[in-house]
Structure formats: C-alpha cells, structure tokens
Amino acid sequence: MPQIKTLAGMASILHISEEQLISGLKAVGLLKQNGFPIKKLIDEGYFSQDGTVADYPKLMQLIKMMLGIN
C-alpha cells in the first residue's frame, strides 16, 4: 500500500482532482466545510492532528464502507 499523507496524494491515486475528493468527503461528512477532518476521524487515527492522512488504508476502507463499495 502506498504511503499517502495528503488529500492531493489520495486524489492522485484515485485519478480524480483534489477538489473532487474534498467535495465528496465533505458531502459524506468526513470533512468539515473548511476542508479539515472532523475531530472523530482524528481521534480514531484516520488523520493526524495537523489534518494530514495518518492511516491511508484505514481511511480508504472507511470511505469504501460509507459509499457501499467492496
């Protein structure tokens, strides 16, 4: 699994723009309207305190689960 620490890197892996990723994560409630992760996701280790991706595989699994993707 690649070492992804930013939403831009995550978007690149997914072959979408960073803006599309951020918009989608806001729509499903994983990011606040200012683009920063919600506190629960930081507390659960998905994101670091500075808002960077802390656990890419875990975050991707959460996103897939929320979207109903296997």
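These numbers come from a predicted model, not from an experiment.
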Measuring only between side-chain heavy atoms, which start at C-beta, is Leu30 closer than 4.5 Å to Met66? yes
Any sub-3.5 Å donor-acceptor pair from Ser17's side-chain atoms to Gln20's backbone N or O? yes
Answer yes or no: is there a side-chain heavy-atom contact under 4.5 Å between Ile38 and Leu31? no
Show, in sequence, the C-alpha distance, side-chain angles and deciding distance for Ile63 and Tyr46, and conclude whether the side-chain contact (heavy atoms from CB on, under 4.5 Å) test is met. CA-CA 11 Å; Ile63 292 168; Tyr46 294 97; over 6 Å; no
How close do Ala54 and Phe47 get, heavy atom to heavy atom, and via which atoms? CB-C, 3.6 Å
Side-chain heavy atoms of Thr52 within contact of Leu7, under 4.5 Å: no
Keeping Glu44 on the side-chain end and Leu41 on the backbone end, is there a donor-acceptor pair under 3.5 Å? no
More than 12 non-hydrogen atoms from neighbouring residues, nucleotides or ligands closer than 6.0 Å to NZ on Lys26, yes or no? yes
First locate atom CG of Asp55, then atom CD1 of Ile4, and finally report the distance between them rounded to the nearest 0.5 Å. 12.5 Å
Side-chain heavy-atom pair Tyr56, Met10 within 4.5 angstrom cut-off: yes
Taking the side chain as every heavy atom from C-beta outward, state whether Ile13 and Met60 have any atom pair closer than 4.5 Å. no
